[in-house]
Structures are given as structure tokens and as C-alpha cells.
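Okay, so here's the structure we're looking at.
Just so you know, ligand 1 is whichever comes first in the structure, and atom 1 is the first atom listed for that ligand. If you read the sequence from its start, that first residue is 1, and numbering goes on from there.
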Amino acid sequence: MTTTITPLIAGNWKMNGAMASLSELQALAVLLTTGEAPRAMVVVCPPATMLAAASAQGALSGILTGGQDCHWEAHGAHTGDISAGMLADAGAQYVIVGHSERRADHHETDDMVRAKVEAAIGAGLKPIICVGETEDERDSGKAENVVAAQLAGSVPEAGGQHEIIIAYEPVWAIGTGRTPTYDEIATMHNGIRHILTNRFGERGATIRILYGGSVKPINAREILDINDVNGALVGGASLLANDFYTIISAV
Ligand SMILES: O=C(CO)COP(=O)(O)O
């Protein structure tokens, strides 16, 4: 059912890197254009200050770019914030919304995330909507219910007509070097697929579901082989061109 989905590998640089890190993007571009053609779409989400330069550079080698967050309004008195339209203006085609670090650090609720997704769609961006349980929630057997509730709250009806991407990122697997078992990932992705097809019908079968949380060159192949895993959202390992390229090549 999902075998026709072209996988997508996205790198989330978070608050790492400086303009000098664009040399890593350049190195990645060289690897991607001189090696075997990638079997995945490649997206890099650098800090917003680097987005325009990264987009211009990426365009030369097929690397797409995305923002790491956007405001839910198109413009206004929101000091320090960036709108989805501004990200598009800087060359982004994607935007990460509802990352657990923002849900935690900025008290983002599902309602806020849904409004951001709508703003992203309105600006012509493809939102990468993050969901995932904490360790306590997994230990107490609530992981699937937590993710189902986040999907219900964070994914707007417009998700049925526009391209959206779901990223399942268990909070306890982010930056820890720990991952769920392959069975646990398969169960969660299968559950998300059911939720998407129940809600959006045939279209739900075409929505990419990425896995994120300690994806590394060493585990990428096994994770990307799991049914209904349509790519990865990579943090730390996306900062170095060689590591990121190895993950992309694992598709
Ligand atoms: O949060 C993540 C991507 O959004 C995952 O980060 P790590 O790959 O560093 O665990």
C-alpha cells in the first residue's frame, strides 16, 4: 500500500551550526551529485538565519530546505517570531511544527500546533508535524493513545487536501542514542497509518510517516526497512555531511 511513497530524509539542525556549516551542505551536495542517485527526497532544516543561503545552495543539488517552526499568524506584532510566508520567501518548502522541544520549551499545545500547520499550508509549505510520547507515557502503556490524541489535535482537516508529513519522534529517543525496538516502531507507524486512512481515506495512505529519534548511520537501514516508515527526521546525525549521506543512502 505504501511502497509507492518516495521516502523523505529530513535533517533538523536545531540551534546548531552557523553560516560556516553551509560547507557541510556543500559537502553533502558533492556526495549526492557524485554518488549513486539518492532514492529519497532530501530536506535540510537549518536555523532560520541560514535558510535563504541554504535554499540557494541546495537548489543547485536538489537539496530542499525547511524551517524549524513558524508562527500561526501571517504577520503582526510578534517580536522574534517568523511566519510561514517568510520561510517560503527564504526558499523553504517544508516546515517542522510541533517538535517536542517546542512543545516542552514553548508550551506549545495541540491547538497551537494545528494553527501552525494551517498557516504553513496557507503559505504553500509542507508541514512536518511531530508527535511522540515521553518515557513515562511509554512505560505506562499509553504511547499509542498519546500519539493518537496528538494527531487528532494537531492535524487539521486541511491535511486531507494538502501534502502533510507526520514525524513520529518518541521524546525519550531524541538525542539519547536510544530507540524503540523495531517492533515498537512498526506498531506505532502502523497505528498512525490506520488513523490517517480512517480520517482521510485513500489520501491517508499516501501521507509520509517519518521516524525520528537517534537515527544514526548504524541503525538507519533497519529503521528505514520497517513497514510504514517512509523516511526519517534526523537531528544530530544530520550535522555532518558524511553521516547524513550514509543515512540517505540507507534508503
Ligand atoms: O529531534 C530529532 C529530530 O527532529 C531527533 O534528534 P536526534 O537524531 O539527535 O536524536
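The heavy atom nearest to atom 3 (C) of ligand 1, out of those in Q68, E169, E101, K216, is found in E169.
L32 and L64 end up in different hydrophobic clusters when Ile, Leu, Val, Met, Phe, Trp and Tyr side chains are linked at under 4.5 Å. Linking Ile, Leu, Val, Met, Phe, Trp and Tyr residues whenever their side-chain heavy atoms come within less than 4.5 Å leaves I96 and V113 in two separate clusters. Hydrophobic clustering of Ile, Leu, Val, Met, Phe, Trp and Tyr side chains at less than 4.5 Å, counting indirect connections, unites I166 with V117.
Of the candidates E169, E108, H106, E169 is the only one forming a side-chain hydrogen bond (donor to acceptor under 3.5 Å, both in side chains) with H99.
Residue-ligand proximity, G236 to ligand 1, at heavy-atom distances under 4.0 Å covers atoms 7 (P), 8 (O), 9 (O). Of all atoms in ligand 1, listed by their number and element, those nearer than 4.0 Å to a heavy atom of K14 are 1 (O), 2 (C), 5 (C), 6 (O). The ligand atoms of ligand 1 that sit less than 4.0 angstrom from a heavy atom of L233 are 3 (C), 4 (O). Per-residue contacts place G213 under 4.0 angstrom from the following atoms of ligand 1 (heavy atoms of the residue considered): 5 (C), 10 (O).
Between the side chain of E144 and the backbone N or O of G191 there is no donor-acceptor pair closer than 3.5 Å.
Among all protein heavy atoms, the one lying closest to atom 8 (O) of ligand 1 is G235 N, 2.9 Å.
Using a 4.5 Å cut-off on side-chain heavy atoms (C-beta onward), I121 and E118 make no contact. Between P47 and Q68, the closest side-chain pair of non-hydrogen atoms falls below 4.5 Å.
Proximity of G212 to ligand 1 is not established, as no heavy-atom distance is less than 4.0 Å. Taking 4.0 Å as the cut-off, G175 counts as a neighbour of ligand 1 on heavy-atom distance.
At a 3.5 angstrom cut-off on N or O pairs, H99 counts as close to ligand 1. Residue contacts with ligand 1: I174 is placed with no nitrogen or oxygen under 3.5 Å of a nitrogen or oxygen of the ligand (distance criterion only).
When heavy-atom distances to ligand 1 are checked against a 4.0 Å cut-off, N12 comes that close only through its side chain, counted from C-beta outward.
Note: H189 and Y211 have tilted aromatic rings, judged against thresholds of 30 and 60 degrees for the angle between ring planes.
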